[in-house]
Participant: 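I have a structure here, written as C-alpha cells, and I will follow up with some questions on it.
What you see is a predicted model; the values in this text were computed from it and never measured.
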Amino acid sequence: MALGRKNHLFAGSDDGGRYWAIHASLIETCKMNHVDPQAWLADVLDKIANRHPMSRIDELLPWSYVSYDAGRQAA
C-alpha cells in the first residue's frame, strides 16, 4: 500500500477516495488470506449476477472463499 500512497491523493473526489479504499481493502484482505484477488472478484461477481442467495452471503467473503478448482483438486 505504501507504493500507491501519493497516487491516492488524486482519486478525483471524496467519494472516489472512499471507493478506492474499499477496493484496496478487499484486495489486501484477499492477499492476506492467500486468495487470488482477480479470481475471487470474478467469481463473486458471477455468483451475484446468478442470484446467489443472501442467506449465504458469508460464503463470498475472502476468508471463507474456496475456488471451484481448489475444491475439485481437494476431492
Participant: As a test of understanding, state which of Asp36, Asn33, Val35 forms a side chain to side chain contact (heavy atoms under 4.5 Å, CB included) with Tyr65.
Facilitator: Val35
Participant: My understanding is that only residues two or more places apart in sequence, or in another chain, count here; which of them pass side-chain contact (heavy atoms from CB on, under 4.5 Å) with Leu60?
Facilitator: Val44, Lys47, Ile48, His52, Ile57
Participant: Got a sec, which residues hit side-chain contact (heavy atoms from CB on, under 4.5 Å) with Asp15, two or more places apart in sequence or on another chain?
Facilitator: Ser13, Arg18, Tyr19
Participant: Could you state whether Leu41 and Ile27 fall into the same hydrophobic cluster, counting links through intermediate Ile, Leu, Val, Met, Phe, Trp or Tyr residues with side-chain heavy atoms under 4.5 angstrom apart?
Facilitator: no
Participant: Of all residues at least two apart in sequence or in a different chain, which pass the salt bridge (charged side-chain N to carboxylate O under 4.0 Å, His left out) check with Asp58?
Facilitator: none
Participant: For Arg56, give me all partners under side chain to side chain donor-acceptor pair (under 3.5 Å), at least two apart in sequence or on another chain.
Facilitator: Glu59
Participant: For Ala39, is there any backbone N or O sitting under 3.5 Å from a side-chain donor or acceptor partner on Asp43?
Facilitator: no
Participant: Got a donor-acceptor contact below 3.5 angstrom from the Asn50 side chain to the Asp46 backbone?
Facilitator: yes
Participant: Test question: given the 4.5 Å side-chain rule for I, L, V, M, F, W and Y, name all other residues clustered with Trp63, or answer none.
Facilitator: Leu61
Participant: Shared ILVMFWY cluster between Trp40 and Ile22, side chains joined below 4.5 angstrom?
Facilitator: yes
